Amino acid sequence: MTKNLVIVESPAKAKTIEKFLGKDFTVRSCYGHIRDLAKGDDAIDIKNNFQPHYEISEDKKAVVSELKKLSKEAEMVWLASDEDREGEAISWHLSEALGLDAKKTKRIVFHEITKPAILRAVENPRNIDKHLVDAQQARRVLDRLVGFELSPVLWRKVKPSLSAGRVQSVAVRLIVDREREINSFNVTSAYKIVAKFNVGGKTMEGELGKRFATEAEAQAFLEKCKGADFTIKNLEVKPAEKSPAPPFTTSTLQQEASRKLGYGVTTTMSIAQKLYEHGFITYMRTDSVNLSELAITNAKETITQNYGGNYSNPRRYTTKNDSAQEAHEAIRPTYFENNEVEGTPQEKRLYDLIWKRAIASQMSKAQLERTIATIAISTLPDVLVASGEVLKFDGFLKVYLESTDEDGDEENSKMLPPLKVGENLLLNEIEATQRYTKASARYTEASLVKKLEELGIGRPSTYAPTIGTVQKRGYVIKEDRDGKERNFTVLTLAKNEISKEVKTEKYGTEKSKLFPSDIGMVVTDFLSKHFENIMDYNFTASVEEEFDKIARGQLVWNKMIAKFYSPFHSEVTKTNETAERQNAERLLGVDPVTGKNVSVRVGRYGPFAQIGENATDENPEKPRYASLRSGQLTETITLEEAIELFKLPRIVGQYEDKDIKASIGKFGPYLIHDSKFVSIPKTDDVFSIDLDRAIVLIDEKRIVEANKLVKVFPEDENLKVLNGRWGIYLAYGKDNYKLPKGSKAEDITFESAMKLVKVPSASKAANKTAPKKVAAKKTATKKTAAKKTAVKKTAAKKSAK
DNA sequence: CAGTGAGCGAGCTTCCGCTTGACTT
């Protein structure tokens, strides 16, 4: 029988807090929100002041009944959810759902998990802040209304199963706008002038402040430099300093893990979750850069011990972002003295990053000395500038330097050799190199999160899922793209001779970047046209201001919603009635061979090109169709590229008296021969692959096939042991099964194999049929039953530990 | 598990935020 029941959101947090509070307190977790709007379209009673209808979430029923039981027994219930809008709502939903008595309920908050903070919180309880709860209800209701009214418009006007929402639609728009900005970017080039001097055996580079637009101007400049004297005109030495970046928030962690470790945002978050559960780091979903008093002291000790007192510089960071709610600390190691932890290589690397970033944030600034040398040219009024940097004191750079998104070609801080004003320099050569301008970079998952955070759109707990959603809907594709080659000219003045060389460089190579799809573009244009305010980058920021007013008690939540809803809903109705179906149709021109029109359009199976018109009664001839290739957009494809698509399938030649055909299918380019498919690797081109190469690919595939079959069983021919990419595995009919680690083919008997096949096949079959069921009500009850038992099982496991 | 491109049209899809598993490739 417990005297005090404390409810927090996260189970890992519950465990730590229980230790601080002693035996009179039982600490439990509610696992986030326990109630939400009902699933269907009538969750909000619009006619009745937008009265929300809440239901206990399916996967929380077990948790809620457990908490209900414990709260009945307790003398006092302490609601300790996070100190922000969502947290306040969680406490309110708990008090409603558990039927808590106001007299034996207290609301407490703390934003760091330390003993003094918890004890202080317990001494200063308050009541649930209903205004803050109302702000959350407004947020929730608005999001539901927007999402559930806009999405069906898309089903009717674009494609079924699409979705729209306050956050995701703007995220897609960012990608679409960026893509168009890149496509319409006007690439220009200019000649950059760099002179290389020999100073005491070392090379020093000086750059001209301006660039020349044409080769002729660059040539003329070099001509004038022939035989010129170069002297140091001026030397300027300036002290400079660099400060460390603040400790990680969710967003900055995702960015740095992406740049330094190459992790996607989902990977980063799941590794961080593991580190958190092991107690190695503080909570990983946070928008705060704040560190607890204890953490700052702890960091100071570690720094002093490891690097010396002069490396320590305790700092308090404040969050600049308006939308931040700061319910937690920044992400930091729980114990700074642990500069490494046990775990998988990924966990170790992410921990290392978090440790370094947090430690660096508490270290001294780096002291630099910047030298700028101005070099006069005797034949010209222009000057060259050489700059260098010397690190006087490394400070935080000893452990950590933040990286940037720009893969800049600026060479980093070089040291200049000793120089004197008036000194004559020995010229090696002057190079005039043609450089091209670059459009803005495409977003990575992490840089999109950064942008969203800047706009105040989305929250730490939703960044990664949102990025997942827009990809799952097919609005956005994350992929690599090969760059193209282009020529650039280099003019070199050496030994009073000017020479010219044309070099090639690769540009536009993209790795794990976000590209919009045709559907993404169509949906963005459609929504922007009809729902301009919701697609506005500032929409969230402006509704957030209203939510804040509600939280301060200056605005009534359902009045705010009513004001938004009435014009919005009439726009939805109007669009449903008047807007045409969107298919991004575009006429590209006329096919020179047939004289027929070539057009592109987005159809049921994606974008495709068409030669000729649709069949009619008068003209029953069907047009020819070809799917666009990945990376091609209806918006940008040219007539030539579209015609190229119709060159497939093509006959490559004959092998063993049968045709080899090359084409592009669902899974990319392939060859088909004797009704067997062979994928064409990226290194080959479907349009030009020749017979010899095709035969090589077919033969290679045959060898792999031959090696695939390891063992068969006379008892049942459906059962096979096969050789795959990751070693041997079991196959029964069409289903594949994993073998236990270290299994050897010769040890596998029919009986032992069938055991593996039978056990998982039952659960597999259940999984496969579940989503297909149509009778919604029946499945709902069945699912409930299944989930209940699942939750109970895990709960039992936990209490057993 | 690699040809599609209309359509008589059932019933379904969908939001954002707060939490953690339980799955498969």
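Remember, it's a predicted structure, so these values are computed and weren't measured experimentally. Just so you know, these numbers use all the heavy atoms, side chains as well, and skip hydrogens, waters and symmetry mates. So you know, we letter chains A, B, ... as the sequences are listed, proteins then strands, and number each from 1.
Of the N and O atoms on the side chains of A/D36 and A/S57, not one donor lies less than 3.5 Å from an acceptor on the other residue. A/T634 and A/R586 share no side-chain donor-acceptor pair at under 3.5 Å.
For B/dT19, one of the phosphate oxygens OP1 or OP2 lies less than 4.0 angstrom from a side-chain nitrogen or oxygen of A/Y283. Of the side-chain N and O atoms in A/R166, none sit less than 4.0 angstrom from OP1 or OP2 of B/dT14. When the side-chain nitrogen and oxygen atoms of A/Y625 are compared with OP1 and OP2 of B/dA6, one or more of them lie within a distance under 4.0 Å. At B/dC16, one or more side-chain N or O atoms of A/Q168 fall inside 4.0 Å of OP1 or OP2 (strictly under the cut-off). In this structure, A/R140 does not reach the B/dC15 phosphate: none of its side-chain N or O atoms is under 4.0 Å from OP1 or OP2. Here A/S163 reaches the OP1 or OP2 of B/dC15: one of its side-chain N or O atoms lies under 4.0 Å away. OP1 and OP2 of B/dT13 both lie 4.0 Å or more from every side-chain N or O belonging to A/R156. At the phosphate of B/dT20, OP1 or OP2 sits under 4.0 Å from a side-chain N or O atom of A/Q273. Distances shown here put every side-chain N or O of A/S151 at or beyond 4.0 Å from the OP1 or OP2 atom of B/dT13.
Contact check on A/K39 versus A/E55 returns no salt bridge, with no Lys/Arg side-chain nitrogen under 4.0 Å from an Asp/Glu carboxylate oxygen. Ion pairing between A/K596 and A/D591 fails under the 4.0 Å rule for side-chain N and carboxylate O. A salt bridge links A/K13 with A/D82: at least one charged nitrogen is closer than 4.0 Å to a carboxylate oxygen. Between A/E66 and A/R28 a salt bridge is recorded (basic side-chain N to carboxylate O distance below 4.0 Å). Taking 4.0 Å as the cut-off between side-chain N and carboxylate O, A/R85 and A/E88 do not count as a salt-bridged pair.
Across all strands shown, A/V146 has no heavy atoms under 4.0 Å from either base or sugar-phosphate atoms. Residue A/S10 is in sugar-phosphate contact alone, with no base atom involved, counting any heavy-atom pair closer than 4.0 Å across all strands shown. Among the heavy atoms of the strands, none lies under 4.0 Å from A/G87. In this structure, A/P623 reaches neither bases nor backbone, as no heavy-atom distance under 4.0 Å exists between it and the strands shown. Residue A/S169 is out of contact with every strand shown, counting any heavy-atom pair closer than 4.0 Å. The residue A/D41 sits close to a base: some heavy atom pair falls under 4.0 Å. Residue A/A89 is classed as having no contact, given no heavy-atom separation below 4.0 Å to the nucleic acid. Residue A/L162 is classed as a sugar-phosphate contact, given heavy-atom separations below 4.0 Å to backbone atoms only. If you check every strand for non-hydrogen atoms under 4.0 Å, A/G603 touches a base.
Stacking of the aromatic ring of A/W155 onto the base of B/dT13 is found: the ring centres lie under 5.5 Å apart and the planes are inclined by under 30°. The aromatic ring of A/Y605 does not sit over the base of B/dG5; the criterion of centres under 5.5 Å apart with planes under 30° is not met.
Here B/dG17 presents its C1' atom at 11 Å from NE2 of A/H93, a figure rounded to the nearest Å. Atom pair A/D84:CG and B/dC16:P shows a separation of 18 Å (rounding to whole Å applied). With rounding to whole Å, A/D287 atom CG is found 13 Å from B/dG17 atom C1'. Look at CD on A/E58: it is 19 Å from P on B/dG21, rounded to the nearest Å. Look at CG on A/L154: it is 20 Å from P on B/dC12, rounded to the nearest Å. We find that CG of A/N583 is positioned 11 Å from C1' of B/dG5, with the value rounded to whole Å. Rounded to an integer number of Å, the gap from A/L648 CG to B/dA2 P is 17 Å. As a whole-Å value, the separation of A/L142 CG from B/dT14 P is 20 Å.
No hydrogens or angles were tested; on distance alone, nothing pairs the side chain of A/R459 with the base of B/dC18 as donor and acceptor under 3.5 Å. Counting atom types as modelled, A/S161 pairs a side-chain N or O with a base atom of B/dT13 as donor and acceptor under 3.5 Å. A/S663 contributes no side-chain N or O that forms a donor-acceptor pair with the base of B/dG3 under 3.5 Å. Judged by atom type and distance alone, A/Y31 does not reach the base of B/dT20 through any side-chain donor-acceptor pair under 3.5 Å.
Atom name C1', nucleotides B/dT13 and B/dG9: the rounded distance is 16 Å, in whole Å.
Ranked by how close their nearest DNA chain B nucleotide is to the 5' end, A/P669 and A/N614 are led by A/P669. Residues A/V678 and A/I34 both approach DNA chain B. Their nearest nucleotides, taken by heavy-atom distance, put A/V678 toward the 5′ side.
In this structure, A/H569 and A/Y565 have parallel ring planes: the angle between them is below the 30° cut-off, well short of the 60° mark.
For A/Y670, the side-chain atoms get nearest to B/dG3 when compared with the rest of B/dG3, B/dT20, B/dT4. Here B/dA2 is the nucleotide among B/dC16, B/dC18, B/dA2 with the atom lying nearest to any side-chain atom of A/S679. In the set B/dT13, B/dT14, B/dT20, the nucleotide with an atom closest to the side chain of A/R473 is B/dT14. Counting only heavy atoms from C-beta on, A/E86 has its side chain closest to B/dC18 among B/dC18, B/dT13, B/dT20. Distances were taken from every side-chain heavy atom of A/E9 (C-beta onward) to each of B/dG5, B/dC18, B/dT20; the shortest belongs to B/dC18. For A/D82, counting side-chain heavy atoms from C-beta on, the closest listed nucleotide (B/dC18, B/dC16, B/dA6) is B/dC18.
In summary, of the residues considered (A/H93, A/E86, A/E9), a side chain to side chain donor-acceptor pair (under 3.5 Å) with A/H33 occurs for A/E86 alone.
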